[in-house]
Amino acid sequence: MTYIAKPKLHHPSLEKNKLGFTRRDYEGAISTLCAGCGHDSISAAIVRACFQLDLPPHRIAKLSGIGCSSKTPTYFLGSSHGFNSVHGRMPSVLTGANLANRDLIYLGVSGDGDSASIGLGQFAHAMRRGVNMVYIVENNGVYGLTKGQFSATSDRGAKSKRGVVNNDEPIDLVGMALQLGATYVARSFSGDKSQLVPLIEGALAHRGAAFIDCISPCVAFNNHEGSTKSFDYVREHNEAVNFLDVITGREEITVDYALGSVEVVKQHDGSLLRLRKLAGDYDVHDRGEALSFLQHRHAEGEIVTGLLYVDPDAEDLHSYLDTTRKPFNELTEEELCPGSAALDKLNASLR
Ligand SMILES: Cc1ncc(C[n+]2csc(CCOP(=O)(O)OP(=O)(O)O)c2C)c(N)n1
Ligand code: SF4
Ligand SMILES: [Mg+2]
């Protein structure tokens with residue numbers, strides 16, 4: 001059985017958000033993933049972020065490919081739109097849906113196999129086009145669903161559960177997203193809710209391609225000694241560049257900005273990203289520096305986490321294409337079909 005409905009009962013005094021929803025209203029079916037799978041922690045972080053941002057669940061569209069990671073949208077946002085597509089093809093389906101209706105909030109959920117192996121081309125084009133979305137890769141370094149083969153994000157020298165050593169260079173999706181022009185780029189760890197939840201909130205408030213690479217240990221096939229995506233390894237090698245608070249424009253701002261090394265970034269919707277810097281000289285607005293920092297730290301065996309780059313004034317695919325503001329399903333017949341004179345004019349321009 002791959003789908004178990006959750007009982008509707010919940011504690012009557014559960015906290016409600018501005019829409020009158022409790023956290024439970026943002027959940028989905030009971031997870032059938034392995035107990036302890038990092039992907040379940042990411043689902044919980046998505047639930048918390050959407051609840052805290054007071055997002056109406058019916059305005060969210062969650063899309064995925066194939067894999068344990070791509071199964072997770074069943075386990076959160078049960079009242080949202082959902083589309084479980086083909087392995088590696090989520091980005092093109094999301095792009096199409098986004099072009100047809102820009103009013104929804106698009107959340108793409110994928111795996112490292114789904115995005116860095118079979119779907120690498122799709123991933124790349126969604127990033128470079130600036131599709132307005134939150135794109136999360138639940139990165140465990142293996143194909144979990146098909147029993148633990150190395151994926152393209154597996155580090156050179158990493159050992160599989162059976163002792164096989166990976167000889168291939170890994171693909172760093174964060175580096176690729178930076179190079180390809182994504183305008184919000186972050187990495188986190190499924191076991192670090194205090195870092196991950198605000199990163200998801202910031203990505204949801206961002207206009208443009210927002211990418212989060214989330215290291216998510218596979219307890220069944222990639223959590224042993226010799227793995228570089230295990231809980232122990234990531235805890236020991238995690239180098240956080242900053243921590244984030246997201247303050248929505250709807251709230252009165254009462255935070256004291258004078259504390260230590262703090263940077264405030266205003267996003268297009270008025271929300272504020274408040275960055276508490278750990279690496280004092282780290283600049284979230286410098287794409288080139290972010291790439292170089294990432295590579296230098298990788299050479300030292302460190303996994304850089306936090307918000308690595310943001311362009312708060314980013315545009316998105318709709319502004320590049322100058323598309324209509326109205327979703328297609330709200331256009332009238334006259335608007336959709338401008339008549340034979342317009343068609344004649346178009347045909348004449350092509351002769
Ligand atoms: C076109 C196609 N090729 C191969 C497969 C087999 N397959 C299913 S899931 C998967 C890999 C999943 O790995 P990942 O995306 O990392 O997700 P995880 O299970 O690790 O979360 C593969 C190769 C498939 N379903 N469809
Ligand atoms: S096989 Fe791995 S990725 Fe899949 S549910 Fe189990 S722990 Fe998670
Ligand atoms: Mg995987």
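Ligands are counted one by one from 1 in listed order, and the atoms in each one are counted from 1 as well.
Classification of Arg156 and Asp168 as a salt-bridged pair fails, no side-chain N sitting under 4.0 Å from a carboxylate O. Comment: Arg297 does not engage Glu300 in a salt bridge, judged by the lack of any side-chain N to carboxylate O separation of less than 4.0 angstrom. At a threshold of 4.0 Å, the pair Lys16-Asp25 does not count as salt-bridged, since none of the basic side-chain nitrogens sits closer than that to a carboxylate oxygen. At a threshold of 4.0 Å, the pair Glu27-Lys6 counts as salt-bridged, since one of the basic side-chain nitrogens sits closer than that to a carboxylate oxygen. Taking 4.0 Å as the cut-off between side-chain N and carboxylate O, Asp213 and Arg187 count as a salt-bridged pair. Salt bridge annotation for Asp313-Arg207: absent, with no cationic side-chain nitrogen under 4.0 angstrom from a carboxylate oxygen.
Taking all heavy atoms of Gln149, His87, Lys147 into account, the minimum distance to atom 24 (C) of ligand 1 is reached by His87. Among Leu145, Asn222, Val142, Thr72, the residue whose heavy atom lies nearest to atom 9 (S) of ligand 1 is Leu145.
Some N or O of Gly144 is nearer than 3.5 Å to an N or O of ligand 1, by distance alone. At least one N or O atom of Asp112, backbone or side chain, sits closer than 3.5 Å to an N or O atom of ligand 1. Annotation: Gly113 places an N or O atom under 3.5 Å from an N or O atom of ligand 1; distance criterion only. No N or O atom of Glu138 sits closer than 3.5 Å to an N or O atom of ligand 1. Here's the thing with Tyr143: none of its N/O atoms is less than 3.5 angstrom from an N/O atom of ligand 1.
Nearest non-hydrogen protein atom to atom 5 (S) of ligand 2 is Cys34 N, 3.4 Å. Among all protein heavy atoms, the one lying closest to atom 7 (N) of ligand 1 is Thr146 CG2, 3.6 Å. Of all protein heavy atoms, the one lying nearest to atom 1 (C) of ligand 1 is Ile118 CD1, 3.7 Å. Counting only heavy atoms of the protein, atom 7 (S) of ligand 2 lies nearest to Val219 N, 3.4 Å. Considering only non-hydrogen protein atoms, atom 4 (Fe) of ligand 2 sits nearest to Cys68 SG, 2.4 Å. The shortest contact between atom 25 (N) of ligand 1 and any protein heavy atom is with Ile66 CG2, 3.7 Å. Counting only heavy atoms of the protein, atom 17 (O) of ligand 1 lies nearest to Ser69 OG, 3.2 Å. Protein heavy atom nearest atom 3 (S) of ligand 2, with residue, atom name and distance: Asn140 ND2, 3.5 Å.
The atom of Asp112 that is an N, O or S and sits closest to the Mg ion (ligand 3) is OD1.
Of the options Ser230, Ser154, Ser227, Ser216, a side-chain hydrogen bond (donor to acceptor under 3.5 Å, both in side chains) to Asn222 is made by Ser227 and by none of the others.
Relative ring orientation between Tyr143 and His87 is described as perpendicular, the plane-to-plane angle rising above 60° on a 0-90° scale split at 30° and 60°.
One of the N, O or S atoms belonging to Asn140 lies under 2.8 Å away from the Mg ion (ligand 3). Within the coordination shell of the Mg ion (ligand 3), defined by N, O or S atoms under 2.8 Å, Gly67 is absent. Distance check for Cys37 against atom 8 (Fe) of ligand 2: an N/O/S atom falls below 2.8 Å. Using a cut-off of 2.8 Å, one finds that Cys218 contributes an N/O/S atom close to atom 2 (Fe) of ligand 2.
Per-residue contacts place Asp114 under 4.0 angstrom from the following atoms of ligand 1 (heavy atoms of the residue considered): 14 (P), 15 (O). For ligand 1 and His39, the ligand atoms under 4.0 Å from any heavy atom of the residue are 21 (O).
No close placement of the Phe211 and Tyr184 rings is indicated, their centers lying 6.0 Å or farther apart. Ring to ring, Tyr135 and Tyr106 are not that close: their centroids are 6.0 angstrom or more apart.
In summary, the side chains of His206 and Gln267 do present a donor paired with an acceptor at a separation below 3.5 Å, with no hydrogens or angles considered. A donor atom on one side chain and an acceptor atom on the other are found under 3.5 Å apart for Ser151 and Asp112.
A single hydrophobic cluster is not seen to contain both Val234 and Phe150; linkage of ILVMFWY side chains at heavy-atom distances under 4.5 Å, directly or through other members, places them apart. Phe76 and Val197 are not part of a single hydrophobic cluster, where members link through side-chain heavy atoms under 4.5 Å apart.
Of the heavy atoms in Val142, none comes closer than 4.0 Å to ligand 2.
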